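These notes are about the structure you will find just below.
Treat the numbers as computed from the prediction; the structure is a model and nothing was measured. Letters A, B, ... mirror the listed sequences (proteins, then strands); counts begin at 1.
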2 protein chains.
Amino acid sequence: MKRLEELSNQKRSYATGDYLYRSGDRFKSLHAIRSGSFKTRVLHEDGREQVTGFLMAGEIIGLEAISTDVHTCEALAMEDSEVCELPYAKLAELSREIPSLQRHLYKIMSREIVRDQGIMLLLGSMRAEERLAAFLLNLSQRNATHGMSATQLRLRMSRLEIGSYLGLKLETVSRAFSHFQDEGLIQVKARAVDIVALSRLREMVGK
Amino acid sequence: MKRLEELSNQKRSYATGDYLYRSGDRFKSLHAIRSGSFKTRVLHEDGREQVTGFLMAGEIIGLEAISTDVHTCEALAMEDSEVCELPYAKLAELSREIPSLQRHLYKIMSREIVRDQGIMLLLGSMRAEERLAAFLLNLSQRNATHGMSATQLRLRMSRLEIGSYLGLKLETVSRAFSHFQDEGLIQVKARAVDIVALSRLREMVGK
DNA sequence: GGGCTATTTTGACATATATCAAGTCAAACG
DNA sequence: CGTTTGACTTGATATATGTCAAAATAGCCC
């Protein structure tokens with residue numbers, strides 16, 4: 001871990017809306033988010049876009065680019081954020097000397113695959129409100145992991161971005177929020193969401 | 001590569017419908033498909049399932065399990081198939097000695113992430129016929145990669161399985177096939193598909 | 001080859017979500 | 001403060017896809 005810290009000499013700041021990288025950029029480094037949050041999205045020639053992830057502190061961003069040395073999606077800051085740059089060449093080299101680092105890297109990449117497959121399940125076989133419930137539960141859990149409240153969420157993203165992530169239109173997202181509130185599942189005030197009935201939300205997604 | 005071959009002493013056969021692994025199985029090995037094909041799917045408590053991939057010869061299966069040492073999805077043979085077992089512990093060890101193997105492993109995992117994000121784009125922002133077009137083009141390209149025809153496809157999966165993969169009902173898939181045929185894009189005869197207008201299919205998905 | 005079963009196609013209809021269009025609200029700014 | 005601007009909510013309606021049901025077809029076993 002210490003040797004890893006030495007590696008990441010670079011710590012950089014990004015303001016809301018700044019790009020960490022764009023589609024087509026040459027890949028040089030992974031980035032560890034120190035504070036703040038980013039969204040990643042893939043673009044389609046015809047202008048369509050799909051948000052593929054919302055990343056928070058502690059998470060690693062850029063793994064998709066290893067395959068071709070070129071970024072296939074773009075990442076931008078959703079708030080003022082800081083990242084550590086992890087030069088990939090050095091990281092790979094170091095992982096050869098430090099087995100635990102190597103194991104860790106494989107696991108991180110595998111975890112990303114699992115995460116993506118979970119989203120595929122969501123997009124492929126859940127209905128609008130189930131998707132939103134799953135989304136809120138995921139945020140709740142990650143919030144808790146970071147020592148924050150599991151029930152008081154401050155969303156960093158707009159309804160439009162949530163919609164893109166969940167494969168829904170922003171109006172549908174908004175309606176689902178309103179409906180959840182009517183049902184007493186959550187309290188919504190713009191981007192401040194208070195989960196009132198966590199267990200009932202869990203039932204909605206079948207767990 | 002030679003050392004890799006020594007590693008995979010085990011070569012095993014699977015009949016149609018056999019499980020390569022199930023959800024919950026302890027993870028020990030990756031598998032390289034030698035011949036045949038497999039599908040992977042994730043299951044939801046309530047019985048819903050989502051097909052997450054159709055894998056062919058030359059592809060590596062099981063990467064998602066590295067993250068937790070437990071398989072989070074299941075894989076089964078769509079036809080009589082053969083795989084090489086690649087014990088993960090040995091593979092990881094070997095990758096420390098052989099830099100090119102390590103690079104290759106990272107790339108394979110990254111490629112899987114890119115693939116999954118492509119499916120997320122498809123599921124989140126494409127309509128039924130665009131999804132099917134993208135699916136056929138993907139099969140076509142992989143077929144070609146394996147030295148087979150880019151236009152004559154023999155589907156190994158049912159309409160139901162295609163539907164699950166594309167987030168559609170089987171009837172919708174069937175109708176899309178019929179419509180493509182009416183439009184002169186393809187010739188369909190059950191699971192034999194002949195792509196007549198590859199370029200027009202490409203236009204449909206915007207490239 | 002004939003019958004059996006699973007798969008696929010097709011049709012009529014239902015519905016979840018998208019689309020279009022106002023309206024509300026809140027933060028930002030002069 | 002009043003105005004502007006972008007984000008969000010809500011309503012009315014349209015539409016893509018799902019659902020249900022039946023017929024056609026293909027694959028399979030004896």
Inset, instruction - Report yes or no: do B:Glu49 and B:His44 form a side-chain donor-acceptor pair below 3.5 Å? - result: no

Inset, instruction - Mind calculating the distance between CG (B:Leu168) and P (D:dT19) to the nearest angstrom? - result: 11 Å

Inset, instruction - Take atom CZ of B:Arg154 and atom P of D:dA26, then tell me their distance rounded to the nearest Å. - result: 14 Å

Inset, instruction - Could you tell me whether the side chains of A:Glu79 and A:Ser37 share a donor-acceptor contact shorter than 3.5 Å? - result: yes

Inset, instruction - Using whole Å, report how far CZ of B:Phe180 lies from P of C:dT9. - result: 13 Å

Legend entry - Test: A:Arg200 and A:Glu203 ion pair at under 4.0 Å: no

Using atom names, set out every protein N or O paired with an N or O of nucleotides 22-27 of chain C below 3.5 Å, distance rounded to 0.1 Å.
none

Inset, instruction - For B:Leu123 and D:dT17, give me the distance from atom CG to atom P, rounded to whole Å. - result: 13 Å

Report all interatomic pairs (protein N or O, nucleotide N or O of nucleotides 3-10 of chain D) with separations under 3.5 Å.
| unit_1 | atom_1 | unit_2 | atom_2 | d |
| --- | --- | --- | --- | --- |
| D:dC8 | OP1 | A:Arg191 | NE | 2.8 |
| D:dC8 | OP1 | A:Arg191 | NH2 | 3.3 |
| D:dC8 | OP2 | A:Arg159 | N | 3.0 |
| D:dT9 | OP1 | A:Arg159 | NH2 | 3.2 |
| D:dT9 | OP2 | A:Arg159 | NE | 2.8 |
| D:dT9 | OP2 | A:Ser174 | OG | 2.8 |
| D:dT9 | O5' | A:Ser174 | OG | 3.1 |
| D:dT10 | OP2 | A:Ser178 | OG | 2.4 |

Inset, instruction - Provide, to the nearest angstrom, the distance between the CD1 atom belonging to B:Ile186 and the C1' atom belonging to C:dT8. - result: 14 Å

Inset, instruction - Answer yes if the side chains of B:His71 and B:Glu64 hold a donor-acceptor pair under 3.5 Å, and no otherwise. - result: yes

Inset, instruction - Write down the distance between CZ (A:Arg127) and P (C:dA18), rounded to a whole number of angstrom. - result: 12 Å

Inset, instruction - Classify the angle between the aromatic ring planes of B:Tyr88 and B:Phe27 as parallel (below 30°), tilted (30 to 60°) or perpendicular (above 60°). - result: tilted

Inset, instruction - Validate the cation-pi geometry between B:Arg103 and B:Tyr106: distance from NZ or CZ to the six-membered ring centre under 6.0 Å, angle to the ring axis within 45°. - result: no

Legend entry - Residues A:Ser95 and B:Gln102: side-chain donor-acceptor under 3.5 angstrom: yes

Inset, instruction - For B:Gly167, report the nucleic acid contact type (base, sugar-phosphate, nothing); a contact means any heavy atom under 4.0 Å. - result: sugar-phosphate

Legend entry - Between B:Thr52 and B:Thr40, a side-chain donor and acceptor under 3.5 Å: yes

Legend entry - Protein-nucleotide distance (B:Leu132, atom CG; D:dA16, atom C1'), rounded to Å: 15 Å

Legend entry - Rounded distance (Å) that lies between atom P of C:dA18 and atom CE of B:Met126: 16 Å

Legend entry - Check: B:Ser23/B:Glu74 side-chain N/O donor and acceptor closer than 3.5 Å: no

